[in-house]
Q: 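Quick one: this structure, given as structure tokens, is what I'll be asking you about.
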Amino acid sequence: MPSTPSTDLAHGDALPTAVLDRGAVALIGGGPGALDLITVRGLSLLRQADVVIVDRLGPVGLTALLGPEVEVIDVGKRPGAHTVRQDGIEELLVRKAHAGHRVARLKGGDPFVLGRGGEEVLACRAAGVPVQVVPGVTSAIAGPTAGDVPVTHRGAAVALHIVNAHGDLGPADLAALRDPGTTTVLMMGVEWLPRLVEQSLLNGVDPSTPVAIVQSATLTDQRVVHGTLATIERVAADAEISHPAVITVGRTAAAGFLDPSASGTALRGPGREAPAPAVESARPAPIGASAPVLIGCAHGTRSREGRDVVRAILRRIGELVPGIPVREAYVDVQSPDVADAVADLSVPAPDVRTREDDAAPAAVVVPLLLSTGFHVNQDIAAAVTGRDAAAGAPLGPDPRLAEVMAQRLAEAGTHSEDAVVMGVVGTRDPAGQSMAHEMGRVLARRLGREVSVGFLAAASPTVAEAVASRRAAGARRVVVANYLLAPGQFTSQLEDAGADLVAAPLGDHPLVAEIAVDRYEATLGA
């Protein structure tokens, strides 16, 4: 857009301004909360607007500078409550511009940093609406700064990584968190803090890494809390931290980092070699270099609930073996892949072994799978082949799993006269099918009545066929004992199998974690 010089009377400098035409949109970046940082160009455009469409976390105080004839529309998004959906915001921009209005879109922070500004520009231009963008101040930087947390600092942090912290962290995010020279800023992550912490710890991020959370940055009710990756959940819960908040992870997030008496301000050099500030870890140190890492390897799922369950089991495993590092890995859907996890935690095995090579391996893969099959025999076996690593046996069959299923059936409200079908994922491997049938016999002994086995894939009878067979035999009510580890893609198939009741999966249960630890110790000959 063309611009003409104007004079800022407060400073006497010639400053560029811009023109907002009728039927056009200006996407204006602001600052978080009360920061109210906006360029002169943005303010000039705002004052020309007929319609201002504003975010909840934008510098909304600027709308007080507008006349009563200006239409101000609040489209702010709150967690779990969106006033207007994103596609509705885009339609509103286009509609108001097509009606001949000068439209200002007042954003919270920079439009192009997790602000969906690019989507709104594309929507406007696709509809033939001219649009210009004014940069803003992103809360990814301004938020930590308001809490005395520099996102870079000579000798301590030389890189900045910004993450949309909804859901799982990606491989690049975890790599940034593991890098002591990188500051990681987690946006919109307070609600997901337990998940973020758990995934970080299960992927080798140092539990002593400093963490700071700045809530309501720059506002009168701003609060700042500090902790470590191992303690921040408790710290945030005790302080009742809620959104809006910015989470900063890295050396500069340590409490007192900018205190002149602390070591942080004395650091020099590029930053990657400098020692991290001394902070106390809430987890015990490994019991020795010979203690193999326990890699809990699950199938993987796109279900957020399922991922939470697997990580809760891994956390419970870690509590049972507090001196042994526990990591996560998967054979499908999720990362890290088991082969990558093993490669990161072990070295190639020597071709010729000596007496000294009889030492424990660097890593042990414990399959969080219920029977043998392709994933155990191929994926996990290939991951440890040629590496200083070993693989344990799957979790089942085991009488403790029968105890968990019995508890889940009782929790679901089953009765002693109900016919029981044990629902299994299934495998083409005859040994895996045999293990499932053995587990069915173990469950039958625990319940004191007959248990049929039905498969969801790759084997017969299917769960639906097993349910129908029990009905044909005269059962008044048929229930399914859920022989799945966690919710996922097979859950709906169990629910559609025609049973009267489906119990919950094995899930996060102390006995499941206990079995996994037993498999780890058995692999080491303990």
Side-chain angles (χ1 to χ4, degrees), residues 161 163 165-180 182-186 189-213 225-238 241 247-251 253-254 276-277 279-287 291-298 300 304 306-330 334-338 340-342 344-345 362-366 368 486 508 510 512-513 516-517 520:
H161 186 74
V163 186
H166 282 190
D168 278 6
L169 299 166
D173 307 326
L174 293 165
L177 287 164
R178 285 190 292 261
D179 179 8
T182 296
T183 300
T184 301
V185 177
L186 302 168
V190 171
E191 182 180 354
W192 312 106
L193 185 60
R195 291 187 175 104
L196 298 169
V197 167
E198 198 58 65
Q199 188 184 6
S200 299
L201 295 175
L202 289 171
N203 283 274
V205 182
D206 187 345
S208 68
T209 303
V211 182
I213 304 178
V225 297
H226 295 268
T228 67
L229 196 62
T231 65
I232 194 62
E233 278 187 78
R234 174 180 53 78
V235 169
D238 290 347
I241 293 294
I247 304 167
T248 308
V249 185
R251 289 169 171 164
V279 287
E280 184 177 352
S281 172
R283 287 195 174 190
I287 58 178
V293 178
L294 189 161
I295 303 175
C297 181
R304 180 171 290 161
R307 296 196 297 267
D308 288 347
V309 166
V310 170
R311 288 175 180 144
I313 293 170
L314 290 169
R315 169 179 277 191
R316 198 181 287 275
I317 291 170
E319 292 169 350
L320 291 177
V321 286
I324 296 172
V326 176
R327 300 289 183 264
E328 67 174 346
Y330 302 91
Q334 283 180 254
S335 63
D337 178 80
V338 62
D340 294 335
V342 171
D344 287 343
L345 296 165
V364 172
V365 179
V366 175
L368 300 182
D508 174 25
V512 174
V517 172
Y520 171 85

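All heavy atoms count here, side chains included; hydrogens, waters and symmetry mates do not.
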Q: Enter the distance from His166:NE2 to Leu196:CG here, rounded to the nearest 0.5 Å.
A: 9.5 Å

Q: Less than 4.5 Å apart, side chain to side chain, heavy atoms only: is that true for Asp168 and Gln334?
A: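 They are in side-chain contact.
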
Q: Partners of Ala312 by side-chain contact (heavy atoms from CB on, under 4.5 Å), sequence neighbours excluded?
A: Asp508

Q: For Ala298, what residues pass the side-chain contact (heavy atoms from CB on, under 4.5 Å) criterion, not counting sequence neighbours?
A: Val310, Tyr330, Leu368

Q: Do you know the tightest heavy-atom contact between Val364 and Pro292?
A: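 Nearest heavy atoms, Val364 then Pro292: CG2-CB, 4.1 Å.
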
Q: Do Ile324 and Tyr520 have side chains that approach each other closer than 4.5 Å (heavy atoms only, starting at C-beta)?
A: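 Contact flag for Ile324/Tyr520 side chains = yes.
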
Q: Do you know the tightest heavy-atom contact between Ser200 and Leu169?
A: OG-CD1, 3.6 Å

Q: What residues form a side-chain contact (heavy atoms from CB on, under 4.5 Å) with Asn203, not counting sequence neighbours?
A: Leu174, Arg178, Gln199, Glu328, Pro336

Q: Just wondering, do Asp340 and Ser335 contact through their side chains at under 4.5 Å, heavy atoms?
A: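 No, their side chains stay 4.5 Å or more apart.
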
Q: Name the residue from Leu294, Val342, Leu345 that meets the side chain to side chain contact (heavy atoms under 4.5 Å, CB included) definition with Val365.
A: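 Going through the options one by one, the only one that passes is Val342.
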
Q: Check Gly189 against Ala165 and note the closest heavy-atom contact, atom names and distance.
A: CA-CB, 3.7 Å

Q: Which pair of heavy atoms, one from Val211 and one from Leu229, lies closest together, and at what distance?
A: CG2-N, 3.6 Å

Q: Which atoms form the tightest heavy-atom contact between His226 and Ala254, and what is the distance?
A: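 Looking at all heavy atoms of both residues, the closest pair is ND1-C, 3.8 Å.
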
Q: Could you grab the distance from atom CD1 of Ile241 to atom CG of Leu193, nearest 0.5 Å is fine?
A: 10.5 Å

Q: As an exercise, state the distance from OG1 of Thr184 to CG of Asp173, rounded to the nearest 0.5 Å.
A: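 Taking OG1 in Thr184 and CG in Asp173, the distance rounds to 7.5 Å.
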
Q: Hey, could you give me the CG/CD1 distance between Leu202 and Ile317, rounded to the nearest 0.5 Å?
A: 9.5 Å

Q: How close do Arg327 and Pro325 get, counting heavy atoms only, and between which atoms?
A: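 Answer, listing the atom of Arg327 first, then Pro325: NH1-CB, 3.9 Å.
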
Q: Run through Arg311, Arg315, Arg316 and flag the one making a salt bridge (Lys or Arg N to Asp or Glu O under 4.0 Å) with Glu198.
A: Arg315

Q: First locate atom CG of Leu314, then atom CD of Glu319, and finally report the distance between them rounded to the nearest 0.5 Å.
A: 11.5 Å

Q: Does any N or O in the side chain of Asp238 come within less than 3.5 Å of the main-chain N or O of Val235, such that one atom is a donor and the other an acceptor?
A: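 No: the side chain of Asp238 does not pair with the backbone of Val235.
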
Q: So, taking the atom named CG in Leu177 and the one named OG1 in Thr183, what distance separates them when rounded to the nearest 0.5 Å?
A: 10.5 Å

